[in-house]
Structure formats: C-alpha cells, structure tokens
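Accompanying notes for the structure given below.
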Amino acid sequence: MSRSARRITATVLATGALLGAAALPATADGRDHDRGRDRQRSAIVLGEIQYESPGRDNGSNRSLNAEWVTVTNTSRHSVNLRGWTLTDESRRSYTFDLRLAGRSSVRVHTGVGRDTRHDVYQDRRNYVWDSRDTATLRDNRGRKIDSESWGRHRDGGHRDGGRDGGRDGGHRGNR
C-alpha cells in the first residue's frame, strides 16, 4: 500500500471514530460521569409555578393561595411522596404526606385550606414565592429531584421591586 493510501485510510478511520464518539451522548452508559454514580431521571418534576399571586397582594388567605407550585408525576405508576420536601431559597419548606397518582399533578398552595388529591396547602400566613426565587423538590432522603428558578436566575438580570412592584409576570409555565 502506498504512503498516500495509508494516510487517506488513517484519516478516514480517525474521522469515523471521532464522528462515532460525538454521536454518543456522554451519559449513554447511564452513569453521571461528573459524580461517578448512577443518574436516574425522576418521573416527579416541577410543573407550572405561580410565584406571585395575581392582583393585589393583601395578605388574605385567598391571595396566599393564589401563589402555588405544581408537582407532576409523568409516569404511569403512583409515587409515594411522603417525606418529600418543596423548599424556597429562604429555606421555607413544605413536607408532603401523599401518594401522587400516575400522570397526575398536585398544586401546592401557600395559604390555609383542605388538602385534596389535586391541591395541598402549606398552611402559611405569609407569602413564600418571591419574584426572584428557586423552588427545589427533594425526595425523602434529601436528594434533589428537580428545581426551577426565575427572576435573576432565569435571565441573569436583576429586577428591582418586591411584592408590590417590579412584577415580571409571576408565572412559570411547563418546561
């Protein structure tokens, strides 16, 4: 085989190897290579978030319950959420005590109310979700399952104003 034919063959083989490696995802083997442990995608995710109640924030129970976070089970099977927590950046935490049916959601309201299959209440007398915040969902072992940020976290910018000013919509939709 001539020298130029060997070079061409070597180039073709090297290019094929590079393309093949690039086509495989980094976690194709199911491992989180950065942490060296198995990485499982949870069927439980954060969905829509109403982080500031619409209208006047007058501190009434109705206004408190108009801010909420939705937790969704994307699988066909029910999941026991007993002991799971939903926390904001200020470490205000709600602990779940429910089983979430497959392909269903539960809305976690801030104020006081009667828990149902689709709505649960933190029984708080003060707002939780600010215009710049992060909702973090953890399982009963404290492992982070999902999180969603908005405000300065979302766009890297900084918005002035608190509850009574500087609103930026107050709602985060499904990802």
Side-chain angles (χ1 to χ4, degrees), residues 32 37-175:
D32 183 349
R37 62 179 181 207
D38 286 335
R39 178 185 189 178
Q40 295 179 340
R41 177 142 171 91
S42 175
I44 307 299
V45 295
L46 294 174
E48 291 184 280
I49 298 171
Q50 178 66 49
Y51 55 84
E52 283 190 335
S53 59
R56 290 184 44 209
D57 289 336
N58 58 15
S60 69
N61 192 52
R62 181 178 185 153
S63 180
L64 289 168
N65 282 330
E67 71 170 20
W68 42 261
V69 174
T70 303
V71 177
T72 300
N73 181 354
T74 62
S75 77
R76 294 181 301 155
H77 308 286
S78 68
V79 175
N80 186 358
L81 297 183
R82 179 175 279 180
W84 288 44
T85 58
L86 178 65
T87 309
D88 76 334
E89 282 184 348
S90 298
R91 300 197 176 160
R92 291 172 285 213
S93 184
Y94 171 76
T95 302
F96 290 88
D97 186 19
L98 63 95
R99 178 172 284 281
L100 187 58
R103 294 196 172 115
S104 68
S105 296
V106 63
R107 193 174 272 185
V108 182
H109 299 271
T110 298
V112 176
R114 180 185 290 175
D115 293 348
T116 68
R117 287 185 313 150
H118 300 288
D119 295 279
V120 295
Y121 299 85
Q122 296 188 50
D123 296 333
R124 294 185 179 275
R125 305 268 182 216
N126 295 305
Y127 295 100
V128 172
W129 308 108
D130 300 317
S131 61
R132 294 179 297 267
D133 213 338
T134 300
T136 302
L137 181 67
R138 295 186 183 277
D139 67 11
N140 59 355
R141 293 182 181 157
R143 291 181 296 211
K144 182 175 163 182
I145 300 300
D146 197 8
S147 68
E148 182 72 32
S149 296
W150 55 91
R152 71 177 175 270
H153 304 288
R154 179 182 65 222
D155 57 16
H158 180 78
R159 290 198 166 101
D160 291 330
R163 291 213 157 269
D164 55 351
R167 290 182 181 260
D168 58 354
H171 185 267
R172 295 285 294 162
N174 289 327
R175 289 174 276 155

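Note that this is a predicted model, so its numbers are computed, not measured.
Between L46 and E148, the closest heavy-atom pair is CD1-N, 3.8 Å. Heavy-atom minimum distance, L100 versus N73: O-ND2, 3.2 Å. The two residues A135 and I49 make their nearest non-hydrogen contact at CB-CD1, 4.4 Å. The two residues T136 and K144 have their closest heavy-atom pair at CG2-CG, 4.1 Å. Closest approach of S93 and R124 over heavy atoms only: O-NH2, 3.0 Å. Considering all non-hydrogen atoms of both residues, A66 and Q50 come closest at O-CG, 3.0 Å.
Using a 4.5 Å heavy-atom cutoff, the side chains of T72 and E48 are not in contact. Within the 4.5 Å cutoff, no side-chain heavy atoms of R82 are placed close to those of N140. Here the side chains of Q122 and R92 are not in contact, with every heavy-atom distance at 4.5 Å or above. Contact check for R76 versus R103: side-chain heavy atoms found under the 4.5 Å cut-off. Looking at heavy atoms from C-beta onward, Y121 lies out of side-chain contact with L64 at the 4.5 angstrom threshold. A 4.5 Å side-chain heavy-atom check between I145 and W84 finds at least one atom pair inside the cut-off. In this structure, the side chains of V71 and I44 come closer than 4.5 Å at one or more pairs of heavy atoms.
No hydrogens or angles considered: nothing links the side chains of Y94 and T110 as a donor-acceptor pair under 3.5 Å. For the 3.5 Å distance criterion, the side chains of T134 and S147 fail to qualify, holding no donor opposite an acceptor.
The neighbour count for N126 CG, taken as heavy atoms of other residues, nucleotides or ligands under 6.0 Å away, does not exceed 12.
The aromatic rings of W150 and Y51 lie parallel to each other, their planes meeting at an angle below 30°, with 60° marking the opposite boundary.
For the pair D133 (side chain) and E89 (backbone), a donor-acceptor distance under 3.5 Å is present.
Rounded to the nearest 0.5 Å, atoms OG (S90) and CH2 (W129) are 9.5 Å apart.
When each of D119, N61, D115, N65 is checked for a side-chain hydrogen bond (donor to acceptor under 3.5 Å, both in side chains) with H109, only D119 meets the rule.
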